[in-house]
Amino acid sequence: MMDTIAAIATPHGKGGISVIRISGKDAIDITSKIFKSKTPITEAKSHTIHFGKVVDFAGNVLDECLVSVFREPHSFTGENVCEISCHGGVLNTNKILEELIKNGARLALPGEFTKRAFVNGKIDLAQAEAIGDIIDSQSDALLNKAVNQLGGILSEKINQVRSRIINLLAQIQVEADYPDEDIELWEREDFVNEAKSIYEEVAKLLESTKSGRLVREGVRCAIVGRPNVGKSSLLNALLKEDRAIVTNIPGTTRDVVEDFIQLEGIIIRLADTAGIRDASDEVERLGVKKSEEYIKNSDMCLFVTDISSPLCDEEKEILKRIEDKKYIVVLNKADLENVQKEEDYNAPAVRVSAKEGIGIPELEREMVKLLSLDEISKDREIITNIRHKEALIRAKEALSRAFGTISAGMPADLLFIDLTEAAEALGEITGLTVNEEVINDIFSRFCLGK
Ligand code: GDP
């Protein structure tokens, strides 16, 4: 039986209220030792809220609080749970927590409540990860995907594909037990077709991780062009329209200064890569290298040019560098004489005046179109998690090995091994077949009290 854990579930600091969470077999008993209410909470029904006072060992009142009682198994963790809502001060909150510890609770580790929910079968691993994503989300799109994942959309999909593989495994087993059937499995069209369809399903899920990366990490967008065409003016004009509040996107390098906007709920990381031209100065050369690297790793570029003067050689050079990337030509300074026009380019082009703020919504629409951001935003079956992606890669590899076995007409035992591996890889996503180390790693990244 697991011990009883307690932690402050709200951010540390002053606020309207603080919540202290207690979970475990003795959660209600321990809380009742410090909480005095009209009906003792030991007699309280599940899902009830009680007003009362928290009193320490010496009888001093520490605070007036509300305690919510949840009885097992109908709680987030599946165990008895109390949530003490006290006044949002640092000292009173900590003192209440201390009293709980003195009365037999243990301080919870980061993510331990959610881990218990997983261990007790209240949620699967993908759903637990979704909770982490909801807390960490900085964009509407990631929040939306995380909420869907918590609701079980991803788990359901994965379980479906997995059970179809298990069905194939069962057929192989039957074949092995009754070998005198006259047709070999791989000569049976329905068996092979089903294997193919499963493979395609897994490949599709894996393909969705490309969009998933954009949802999780944001779109890397490099603003390129020769000096003075209005790159920084454009950056400012875009920021004015849709500035996104972003503190820190995980996994991003901060070598090039980025600013953030949101389009269709997806973060666009805009970087003005000034200094892409050849430089003699050492520091500047380093800057150039970083810019080039940024462009190489970018998902799209905005090529800014001055519409009032013809394209020069330096600009043609820049265009050459980005020709393999997705890019939009920004014909800036459209308030001046228009010497260049959209048709001069093989890429989408938009007339803009960064200075006057003209053409910015049109430019944004082109950006959305170029990367299909609206579709990515709406798609409910996009995988955003790298751990899930790795599991899908293994599942896909195992399935393609299975095809090798089928086409070579090899013994069914070999097919059994590959299909089992594919099923196991998928099971890792929902936590059915995952090892303790991975589980601990996932929950250790949660915050305290979660
Ligand atoms: P960067 O070197 O490419 O970053 O260019 P800047 O943004 O610093 O702009 C260079 C000059 O062009 C500045 O004097 C801006 O005021 C001017 N500029 C930028 N955008 C426009 C525009 O849309 N119209 C006009 N007329 N001038 C602009």
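Atoms within each ligand, like the ligands themselves, are counted from 1 in listed order. In what follows, residues are counted from 1 in the order of the sequence shown. Everything quoted here is computed from the prediction, not taken from an experiment.
In terms of modelled atom types and a separation under 3.5 Å, the side chain of K145 and the main chain of S377 share a donor-acceptor contact. A donor-acceptor contact shorter than 3.5 Å links the side chain of N92 to the backbone of G89.
The closest side-chain heavy-atom distance from I84 to I22 is below 4.5 Å.
Closest to atom 8 (O) of ligand 1 among all protein heavy atoms lies S232 OG, 3.4 Å. Ranking the protein heavy atoms by distance from atom 27 (N) of ligand 1 puts K355 CD, 3.5 Å first. Closest to atom 19 (C) of ligand 1, if we only count protein heavy atoms, is S233 OG, 3.2 Å. Annotation: atom 18 (N) of ligand 1 to nearest protein heavy atom, K333 CE, 3.7 Å.
Inspection of the H87 and E64 side chains reveals no N or O donor paired with an N or O acceptor under 3.5 Å. Of the N and O atoms on the side chains of S353 and D335, at least one donor lies less than 3.5 Å from an acceptor on the other residue.
Counting protein heavy atoms under 4.0 angstrom from atom 5 (O) of ligand 1 gives one or more. Protein heavy atoms come within 4.0 Å of atom 10 (C) of ligand 1.
In D335, the part holding a heavy atom less than 4.0 Å from any atom of ligand 1 is the side chain. Residue-level proximity to ligand 1 for L336 is carried by the side chain, the only part with a heavy atom below 4.0 angstrom.
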- T433 and E424: side-chain hydrogen bond (donor to acceptor under 3.5 Å, both in side chains), yes or no, with the steps? CA-CA 6 Å; T433 52; E424 270 178 13; over 6 Å; no
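The one candidate from E258, R269, R220 that meets the side chain to side chain donor-acceptor pair (under 3.5 Å) condition with Y294 is E258.
The residue from G230, A354, G357 that puts a heavy atom closest to atom 23 (O) of ligand 1 is A354. Of the candidates V330, V352, N332, N332 brings a heavy atom nearest to atom 20 (N) of ligand 1.
Listed by number with element, the atoms of ligand 1 under 4.0 Å from a non-hydrogen atom of K231 are 1 (P), 3 (O), 4 (O), 5 (O), 7 (O). Close contacts between ligand 1 and N228 involve ligand atoms 1 (P), 2 (O), 3 (O), 5 (O), 10 (C), 11 (C), 12 (O) [criterion: under 4.0 Å to a heavy atom].
Cation-pi geometry between R21 and F113 is satisfied (NZ or CZ under 6.0 Å from the ring centre, within 45° of the ring normal).
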